[in-house]
Amino acid sequence: METENVRDCLQVIRRSLLVCAPLQAWSSPASTAMAAPAKLTLLLPTTLTSTVSFPSRVVLKPFPPLQRLVVAAAASSSSSQTLLSSPSLETPEARQIRLETESALEWGSVCSRLADFAATAAGRAACVEGRVAVGRSREESERLIEQTAAAVLLSAPLDFGGVEDVSAVVAAATGGRLLAVREICGVGRSIRAARGVFDQLQSLAQETQDGRYSPLLDVLQGCDFLTELVQRIEFCLDSTLSLVLDRASKMLETIRRERRRNIEMLESLLKDTASKIFQAGGIDSPVVTKRRSRMCVCVKASHKHLVPGGIVLSSSGSGATYFMEPRDAVELNNREVKLSGDERAEELVILGLLTSSIVDSQLKIRNLMDRILELDLAIARGSYALWTNGVKPSFSDGYSSSQSDQSSDYSVYIEGIRHPLLLEHSLMAEDSTIEASEMPVPLDLWVKKDARIVVISGPNTGGKTATMKTLGLSSLMSKAGIFFPAKGRPRIPWFDQVLADIGDHQSLEHSLSTFSGHISRLRRIVEVVSKDSLVLIDEIGSGTDPSEGVALSTSILKFLASKVNLAIVTTHYADLSCLQSVDSRFENAAMEFCLETLQPTYRILWGTTGNSNALSIAKSIGFDQKVLDRAQEWVEKLLPDKQKERQGLLYDSLLDERNLLESQANEAASVLSQVEGLYNEIRLEADDLESRVAALRTRETQNVQQELKVVKSQMDTIIKNFEVQLKNSKLEQYNSLMRKAEAATASVVAAHQPNEITFNDDENQSLFVPQIGDKVYIQGLGGGTMATVIETLGEDGSCIVQYGKIKVQVKRSKMKLVQRGTNETATSSSVKPKGRTPKQRSAAAETNQSQDGSVSFGPVVQTSKNTVDLRGKRVSEASYELQMAIDSCRPCQVLFVVHGMGTGAVKDCAIDVLRNHPRVAKFEDESPLNYGCTVAYIQ
């Protein structure tokens with residue numbers, strides 16, 4: 001019965017496609033003039049749509065495939081709506097807390113690392129997006145763990161080649177879109193590849209016969225591999241060439257056979273016609289081509305009579321060549337167009353039926369692909385376990401004590417666990433062998449069954465938060481069936497929720513301070529906790545008054561002790577560690593601190609109370625011992641049992657501190673007033689200096705302009721005299737007149753030539769040995785140009801000098817010493833300026849030297865003129881600007897380099913430039929009164 005419906009459907013679709021594709025008639029004036037009395041009709045192809053839809057004028061009543069498409073789409077839509085509308089067990093508040101907890105515990109990083117071991121695209125996408133399956137019940141988590149254990153035992157990896165993510169293709173078919181050949185072939189390949197994976201598992205299971213792979217076989221057991229659909233797709237379509245095969249239907253085979261025969265006849269006819277045209281000189285070479293989907297020949301416009309009765313389909317851009325269809329080829333071309341349309345219509349019918357079959361099987365296909373995804377993630381978990389040397393966890397019920405081993409007294413018994421993410425960084429190191437010091441410190445997590453609250457105390461940076469995160473992350477990994485790196489046989493309760501308050505939740509946008517952010521998170525946690533929940537709280541009660549923080553923390557922990565399975569909290573409050581003595585549900589733990597090295601060991605000590613060791617850590621940093629001794633006295637006075645008695649003393653001490661700070665503030669204000677007065681005085685002098693510089697520049701400009709006028713007048717006189725003499729002289733006197741004019745011009749140029757430094761070989765030149773920091777004149781760089789020796793090279797005395805930002809290698813014979821790099825000044829110099837001599841920097845430097853030879857720098861007072869601000873700049877920009885500022889400084893000047901604090905990168909760059917620059921005599925690092933600023937003394 002179904003075969004008859006399919007046959008009827010094919011016939012109806014064929015008729016509808018033929019009706020929907022009207023044949024268009026086309027003729028041109030040229031073809032009309034050349035045609036015979038019988039009227040020719042050209043059939044041109046129409047574009048068929050690639051969707052299962054037809055024009056409204058075609059009525060299709062018996063059309064089962066289309067009905068199946070619509071019904072299947074409606075069924076899928078209704079099922080998805082039902083799934084979305086069904087009440088979820090997780091409330092929006094609980095979901096928000098869960099997502100925040102996973103972010104705090106860096107669960108996404110573990111999932112992303114798992115993606116490296118996934119074999120399918122869908123598996124990698126699920127891991128990267130954090131959609132790794134987490135058991136919603138203890139039984140489901142145990143099933144995931146058993147799958148991972150079976151994956152670890154695989155003797156050979158499974159081949160998932162050919163499995164594609166076809167969810168989007170199936171959804172498109174369900175939505176009513178006609179699938180392309182490539183998409184349908186992809187569905188077929190994926191289903192067949194899934195069957196291949198199942199066959200591989202069965203083969204491995206038959207080799208062992210011990211049932212070790214049963215958890216993996218159960219994933220695909222009972223799946224429908226849609227053998228009939230795959231065979232139908234492979235019978236109808238060629239996945240390699242992405243085309244519909246002739247055997248897909250008898251009609252398609254008949255159409256293509258007739259079309260091939262018709263094309264052979266048409267090509268033979270056109271080739272003969274093209275040869276005749278070529279032999280008659282109507283074209284340069286015989287060409288058979290296609291225009292407007294019709295086969296034709298090329299002919300020159302002047303020889304179109306060679307194709308009697310032909311039809312001009314098109315012409316070249318220049319109009320010199322016509323593309324003409326011979327009269328005898330019209331019927332053959334019409335048949336080709338008709339057969340081509342019939343072929344495309346038949347292909348659409350076949351694709352529509354295959355699309356309908358995929359829609360009918362959409363639920364089975366999706367179920368099969370979901371099972372393949374589950375199997376791929378199980379294999380990935382096994383590979384991850386082998387990579388991290390993970391062990392299989394087990395769940396403890398928390399109340400039974402039937403076991404006789406040591407771990408039976410503990411609800412959490414994990415020995416030697418390492419934080420997975422810290423371990424991953426070590427495993428991904430470039431070195432093939434990893435030293436023990438580079439591996440994270442293993443932790444022993446032992447929580448007794450009757451304990452509900454664990455209070456962890458200890459020093460700062462001692463590992464309290466890392467320990468808490470390790471337990472939370474191991475809980476999530478065990479629920480998801482992921483092995484974690486530990487020793488022995490770890491046991492941990494199955495927690496339905498892992499809720500964490502870790503980190504600073506301050507938010508200006510929501511008007512939340514640090515304390516209010518913590519309290520807001522704790523309120524939401526308290527509202528959603530259950531008897532099987534794990535709660536992680538970092539620095540509970542911090543950010544407010546210590547006494548109120550202790551009281552609030554105690555109340556919250558007392559409440560959680562009767563509401564949760566386990567809560568882990570970290571604190572610096574000693575009062576919270578005392579709760580163990582009055583409530584058996586509380587347990588203490590401390591992070592170990594080595595008093596000899598004054599460094600944390602990152603090991604946890606169960607049943608003990610740890611100190612914050614703030615004073616020891618401050619001592620290891622190098623804090624003032626007097627301050628630490630005074631702090632120790634206050635620690636002894638502020639013990640919890642004496643706190644109320646010492647409140648009055650503490651208040652009096654705070655008043656004394658306030659009075660002392662007020663007096664220091666008054667002294668600072670007085671100093672500030674004096675500094676402001678000095679600053680105003682210096683600013684007035686700087687303003688006056690700027691005015692003097694401006695006047696000097698104006699005077700020099702006037703002198704230059706006056707000198708230019710004189711030169712112009714002299715040159716005009718020379719030119720006029722030359723013109724007069726040229727008119728009154730004979731031809732043979734022309735050369736002598738030119739020489740006189742050139743001599744007069746040269747004398748004017750020489751009189752106004754810029755100053756140059758003359759280099760004379762004297763006895764001092766042979767004794768000169770360049771040293772780093774020497775100030776020298778370089779021949780060829782222009783008069784008055786002084787460079788600095790920054791590096792000495794060979795025995796010949798050649799060295800590298802720097803002039804501004806330019807560095808060049810110069811021989812000793814090309815340089816003259818001006819000033820030694822040390823504070824002493826050259827006693828003699830062979831530099832002899834020719835003409836007017838500019839003022840040299842060496843003379844200015846000499847005026848700043850005292851009688852004993854030491855350089856006297858200016859006052860160490862910061863102004864806008866002697867300050868370079870590097871804050872907010874990149875390292876390269878800061879280096880360049882600092883070097884430019886040093887080069888532009890006057891001799892014996894003090895330069896203030898403001899680099900700020902920040903990350904220290906700009907500061908390190910500035911110190912390096914000051915240390916290596918030849919003009920920097922010395923520099924003073926930042927002081928408590930001048931943070932973020934270094935003072936440099938420029939030679």
Side-chain angles (χ1 to χ4, degrees), residues 17-18 21-48 50 181 238 240-248 251-348:
L17 289 175
L18 293 177
L23 303 179
Q24 301 177 357
W26 182 88
S27 62
S28 64
S31 64
T32 304
M34 299 176 60
K39 184 178 181 181
L40 298 179
T41 302
L42 303 185
L43 301 183
L44 300 180
T46 59
T47 302
L48 298 179
S50 60
V181 176
D238 186 343
T240 304
L241 301 178
S242 296
L243 52 82
V244 182
L245 297 175
D246 295 351
R247 65 190 182 189
M251 179 168 289
L252 180 61
E253 184 178 7
T254 302
I255 292 173
R256 288 183 174 176
R257 184 171 57 251
E258 294 179 359
R259 187 181 178 191
R260 285 192 293 270
R261 187 185 303 112
N262 184 72
I263 289 178
E264 292 176 358
M265 296 171 58
L266 182 59
E267 288 181 349
S268 176
L269 174 62
L270 294 178
K271 287 180 180 179
D272 293 341
T273 304
S275 298
K276 294 177 181 179
I277 296 174
F278 172 68
Q279 295 173 1
I283 195 67
D284 295 336
S285 62
V287 177
V288 176
T289 184
K290 181 179 287 187
R291 287 294 184 274
R292 299 180 64 85
S293 300
R294 300 180 69 84
M295 302 292 290
C296 58
V297 295
C298 298
V299 62
K300 295 180 180 179
S302 59
H303 293 71
K304 62 181 178 180
H305 61 275
L306 296 176
V307 189
I311 302 173
V312 178
L313 297 178
S314 179
S315 61
S316 62
S318 61
T321 303
Y322 283 172
F323 300 95
M324 299 186 65
E325 180 180 1
R327 178 180 180 82
D328 296 338
V330 172
E331 291 300 328
L332 294 176
N333 267 325
N334 287 345
R335 184 170 179 78
E336 166 62 19
V337 172
K338 180 180 181 301
L339 291 175
S340 177
D342 293 345
E343 179 184 4
R344 180 55 182 164
E346 187 67 16
E347 289 177 351
L348 291 179

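Because the structure is a prediction, the values reported are computed rather than measured.
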How long is the gap from CG on Asp284 to CD1 on Ile277, to the nearest 0.5 Å?
-> 12.5 Å
Of all heavy-atom pairs linking Met251 and Glu346, the shortest is SD-OE1, 3.6 Å
For the residue pair Ser315 and Tyr322, what are the closest heavy atoms and their distance?
-> CB-CD2, 3.7 Å
Hey, is Glu347 close enough to Arg256 for a salt bridge, meaning N to O under 4.0 Å?
-> yes
Is Asn262 reaching over with its side chain to a backbone N or O of Leu332, donor-acceptor style, under 3.5 angstrom?
-> yes
Under the 3.5 angstrom rule, does the side chain of Arg294 hit a backbone N or O of Glu336 as a donor-acceptor pair?
-> no
Once you round to the nearest 0.5 Å, how far does CD of Glu264 lie from CG of Leu269?
-> 13.5 Å
Report yes if some heavy atom in the side chain of Cys298 is under 4.5 Å from a heavy atom in the side chain of Phe323; otherwise report no.
-> yes
Nearest heavy atoms of Ala274 and Val288, plus distance in Å = CB-CG2, 4.2 Å
How long is the gap from CG on Asn334 to CG on Leu339, to the nearest 0.5 Å?
-> 11.0 Å
Spell out, as yes or no, whether a donor-acceptor pair under 3.5 Å connects the side chain of Ser316 to the backbone of Thr321.
-> yes
Just by distance, do the side chain of Asp238 and the backbone of Leu245 share a donor-acceptor pair under 3.5 Å?
-> no
Do Pro308 and Arg327 touch side chain to side chain, with heavy atoms closer than 4.5 Å?
-> no
pair Thr289-Cys296: side-chain heavy atoms closer than 4.5 Å = yes
Could you tell me whether the side chain of Leu243 reaches within less than 4.5 Å of the side chain of Val181, counting heavy atoms only?
-> no
Distance (rounded to the nearest 0.5 Å) between Arg257 CZ and Leu252 CG | 10.5 Å
Below 4.0 angstrom, N of the basic side chain to O of the carboxylate: do Asp342 and Lys338 qualify?
-> yes
Kindly give the heavy-atom pair with the smallest separation between Leu306 and Gly282, and that separation in Å.
-> CD1-CA, 3.8 Å
Among Val299, Ile311, Leu313, side chain to side chain contact (heavy atoms under 4.5 Å, CB included) partner for Met324 | Val299
Tightest non-hydrogen contact, residues Val307 and Pro326, listed as CG1-CA, 3.9 Å
Should the pair Arg335-Glu258 be classified as a salt bridge under the 4.0 Å nitrogen-to-oxygen rule?
-> yes
Within the side chain of Ser275, is there an N or O that forms a donor-acceptor pair under 3.5 Å with the backbone of Lys271?
-> yes
Closest heavy-atom pair and its distance - Ala329, Leu270 | CB-CD2, 4.0 Å
Hey, could you give me the CG/NZ distance between Leu266 and Lys290, rounded to the nearest 0.5 Å?
-> 9.0 Å
